[in-house]
Enquirer: 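Have a look at this one.
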Amino acid sequence: MYKTHTCGELRATHEGQSVVLAGWVHRQRDHGGVTFIDLRDRYGVIQIVGDPAIPDASPIQHARQEWVLQVSGVVHRRPGGAENPNLATGEIEIHAQKVEVLNQAKPLPFLINKDEDIDENVRLKYRYLDLRREKMQKNLILRHKVIKFIRDYLSDRGFLEVETPMLFKTTPEGARDYLVPSRLQPGNFYALPQSPQQLKQLLMVAGVDRYFQIARCLRDEDLRGDRQPEFTQLDLEMSFVERDDVLSIVEGLFTSMVKEILPEKRLLSSPWPLLTHAEAVQRYGSDKPDLRFGMELYNLSEIFAKSEFRVFQMALQSGGVIKCIIVPGCAEYTRKEVDDLTEFAKEQGAKGLATLALTAEGVKGTAQKFIKPDEVAAIQQLTGAKTGDLVLFVADSKAVAHKTLSALRLLFRDRLKLADPNMLAFAWVVDFPMFEYNEEDKKWDAAHHPFTMPKMEDLPKFETDPASILSDAYDMVLNGYETASGSIRIHRSDIQQKVFQLLGLKDEEIQAKFGHLIEAFQFGAPPHGGMAPGIDRLVMLFADEPNIREVIAFPKNQAGRDVMADAPSPASEKQLRELQIKLDLKEEKK
RNA sequence: GGACCCGUGGUGUAGCGGCCAAACAUGCGGCCCUGUCAAGGCCGAGAUCGCGAGUUCGAAUCUCGUCGGGUCCGCCA
């Protein structure tokens, strides 16, 4: 046995006890005579005192940062005045009687004992060292607590955790699949699951009734700050439920979780706000609004119905809208600052940005000469804009206006610090559209997935107006992120047929792609639904991290590489031969 | 596929046409020191400024290319 206690657990009550500790040298302070070492493990840091008069303890004099030591000694109360209140173990210290060097360490590529920004490439290359740092240990621990809480909470409520295969079947729609070649059936491929969607529905047919899984999901798409190619979802499905049954389980789960493991965080409200998709988009320009602050979008199309401003006229004539946000206290923005905002708006797809600055000296801004005084008054009446505020207009298609203003809203959230970092603004967004028209392929796509239940009252619209069909799909949003997505599923084959028809799937295709599911549903499928909160994103938000990589032990970089292990890497000739795969690589670009 | 940003000793930064064969902090090596806790003091080693080409009398500094990294758009049923 290497140790009797951890470095974090000893207190004044242990005074006089002989203990054996093992850990890393966090810091060393050599006073020539007496030597102090802060010994660290996952549980904390404790001061070891080395006396040169004790020969067995002499290795402490030569120990360097991150060496691994085993220390035998006696717990002593520190001399008066030498206590360290910043340390949980600060009232005591260990007087070393014997110090064993278990392992030495070369000088490290960066410091473990200091919280400074290190080049992320270096961090990822030496991830095992990065993970030794306090912040990363905290993130690992928080993630563990979140998952443990989920398992306990759901188990207590009758949920059964069931594992589903990683080697499964390619899904025709949705994200790009990761493929795995089959050696036993050359030329055929498994797909790694984008989510256990079909399998969890089959578990409902199997009578599991309440299922969950901490499920790894894989999608071969480009990475983002909040997106990794492999990520973890709390996958969850329930039988004999309606939408609100699912929402209330998940709301209860996260409300209790925050209370227990994040006591310093506040919820925006309890119960959580519930917005329809249409309402969220109209008010915030986004289906995942950050509700920690206001700055809502206003529709000015009516006020400008008779506007002579060509930009506004044209937007309205082509079926678009004129919308705005009010930026508090920014009326005095310089020309350069406004130009930068315009540039930002263009990057989001807008043709431009009209501004109106309500300064103490009167109305200014790029749209000033096109907007009549009565229109200014009407805007102030509608939006409550006051002197000192800056009005930003986007006149464009609905989609572009919403996307641009939503992005500007988040820009000002960060710039003006409008959102409380200690608030968790959980909310539900419900009643998503069932279908989206795919301009590229000239066909309808399922907005969520093809097994999502359309609203019963919208069934007649399949023939007349598919775009207006709503579904029983819902998202959980948190501080401007989509943190879960789910739906009530179709369990009636006649409705499933209608959906497949509208999606333009032929019977043979349906059979080949979903045959197993369709057949299963003919053997008594219960009404069911569920959702899948994203663990990585939630932990990222809980830990106040700006990036999902900070809460994943071994993440990929933006190019999808594992910098530490240098993956992906070429396959050997032998491997390829066994799989009967020949490479046909494109010529290198000259 | 596209836009923008970044790249200076091991690490984090400064320098942004000549004062720089590059400064500071930390880490590293040595010496001193019996109560420190980001210990302190003294001494020392360590970067041809990602790489290549160009502009210039002169480039870490400007331009172009390239490589690496990041943020975002597209993509993510």
Side-chain angles (χ1 to χ4, degrees), chain A residues 26-39 45-53 61 64-66 76 78-87 89-90 93 95 105-126 129-130 171-177 194-195 197-198 217-229 231 340 343-344 346-350 400 403-404 407 410-411 414 432 434-436 438 440 444-452 471 473 482 485 487 499 503 513-514 534 546-547 549 557-559 561 563 589:
Chain A
H26 193 59
R27 283 201 179 86
Q28 198 217 25
R29 295 175 291 281
D30 185 353
H31 287 248
V34 68
T35 298
F36 300 100
I37 275 187
D38 292 337
L39 197 68
V45 167
I46 188 163
Q47 175 162 286
I48 314 291
V49 186
D51 181 344
Q61 322 289 342
R64 290 290 174 269
Q65 283 198 29
E66 298 305 308
H76 281 258
R78 291 195 187 191
E83 299 89 354
N84 184 350
N86 300 319
L87 223 53
T89 58
E93 60 193 12
H95 289 200
K106 346 187 250 188
L108 296 139
F110 49 84
L111 299 184
I112 308 299
N113 59 22
K114 203 172 162 190
D115 183 25
E116 64 179 348
D117 289 328
I118 303 151
D119 182 76
E120 194 166 357
N121 223 13
V122 177
R123 288 180 59 200
L124 289 178
K125 182 168 177 196
Y126 300 98
L129 296 179
D130 191 32
T171 36
E173 292 182 69
R176 192 175 297 110
D177 283 316
Q194 297 177 26
S195 80
Q197 181 60 40
Q198 297 185 29
C217 305
L218 300 108
R219 297 178 188 175
D220 187 6
E221 297 292 348
D222 286 2
L223 289 81
R224 284 284 187 286
D226 64 348
R227 259 167 38 194
Q228 281 274 309
F231 58 102
D340 287 347
E343 196 48 46
F344 179 82
K346 284 182 178 167
E347 282 165 21
Q348 299 297 321
V400 170
K403 176 161 179 266
T404 305
L410 297 181
L411 176 80
D414 298 334
F432 275 65
M434 180 74 196
F435 301 105
E436 282 166 355
N438 183 329
E440 200 179 317
W444 291 98
D445 282 345
H448 186 55
H449 58 61
F451 313 111
T452 301
S471 71
E482 176 196 318
S485 189
S487 64
V499 172
L503 294 176
K513 291 169 176 170
F514 308 113
N547 193 296
R549 291 188 295 272
N557 74 4
Q558 193 163 38
R561 294 199 66 80
V563 179
K589 267 188 264 179

Enquirer: With C1' as the reference atom in both, quote the distance from B:U11 to B:A38 in angstrom, rounded to an integer.
Expert: 15 Å
Enquirer: Please step through salt bridge (Lys or Arg N to Asp or Glu O under 4.0 Å) for the pair A:Asp222 and A:Arg227, ending with a clear verdict.
Expert: CA-CA 8 Å; A:Asp222 286 2; A:Arg227 259 167 38 194; over 6 Å; no
Enquirer: What contact category does A:Asp117 fall into here, base, sugar-phosphate, or nothing, at under 4.0 angstrom with non-hydrogen atoms?
Expert: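 Sugar-phosphate: the residue A:Asp117, judged by heavy atoms under 4.0 Å, touches backbone atoms but no base.
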Enquirer: Is there a stack between A:His31 and B:A39, judged by ring centres under 5.5 Å and planes under 30°?
Expert: yes
Enquirer: For the side chain of A:Arg224 and the base of B:G74, is some donor closer than 3.5 Å to an acceptor across the two?
Expert: yes
Enquirer: Please give, in whole Å, the distance from B:G2 P to A:Lys346 NZ?
Expert: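 Rounded to whole Å, this separation is 21 Å.
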Enquirer: What's the verdict on side chain to side chain contact (heavy atoms under 4.5 Å, CB included) for A:Glu66 and A:Ile112, showing C-alpha distance, side-chain angles and the deciding distance?
Expert: CA-CA 8 Å; A:Glu66 298 305 308; A:Ile112 308 299; 3.5 Å; yes
Enquirer: Atom CD of A:Glu221 and atom P of B:C73: how far apart are they, to the nearest Å?
Expert: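 It works out to 14 Å between those atoms.
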Enquirer: Could you tell me how far apart A:Asp130 (CG) and B:G12 (P) are, to the nearest whole angstrom?
Expert: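 Going from CG in A:Asp130 over to P in B:G12 covers 12 Å.
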Enquirer: On RNA chain B, compare the nucleotides closest to A:Ala446 and A:Asp226; which residue's is nearer the 5' end?
Expert: A:Asp226
Enquirer: For a quick check, tell me whether the side chain of A:Arg219 and the base of B:C75 share a donor-acceptor pair closer than 3.5 Å.
Expert: no
Enquirer: So A:Asp119, base contact, sugar-phosphate only, or nothing? Heavy-atom distance under 4.0 Å.
Expert: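 The residue A:Asp119 makes sugar-phosphate contact but no base contact.
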Enquirer: Base, sugar-phosphate, or nothing for A:Asn84, non-hydrogen atoms under 4.0 angstrom?
Expert: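 Result for A:Asn84 = base.
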Enquirer: Grab the CD1-P distance between A:Ile37 and B:U36 for me, whole Å please.
Expert: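 It is 17 Å, rounded to the nearest whole Å.
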Enquirer: Just checking A:Glu66: base, sugar-phosphate only, or nothing, at a heavy-atom cut-off of under 4.0 Å?
Expert: nothing
Enquirer: Check every strand shown and say whether A:Arg176 touches a base, only sugar-phosphate, or nothing at a heavy-atom separation below 4.0 Å.
Expert: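 Since no nucleic acid heavy atom lies under 4.0 Å of A:Arg176, the category is nothing.
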Enquirer: Are side-chain heavy atoms of A:Val49 and A:Phe36 found at a separation under 4.5 Å?
Expert: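 Of all side-chain heavy-atom pairs linking A:Phe36 with A:Val49, at least one is under 4.5 Å.
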Enquirer: Roughly how many Å is it from CD in A:Glu343 to P in B:C4, rounded to a whole number?
Expert: 9 Å
Enquirer: Check every atom of B:G10, B:G1, B:A38 against the side chain of A:Arg27 and return the nucleotide holding the closest atom.
Expert: B:A38
Enquirer: Centroid distance below 5.5 Å plus an interplanar angle below 30 degrees: do A:Phe110 and B:U11 meet both conditions?
Expert: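 No; centroid distance or tilt outside limits.
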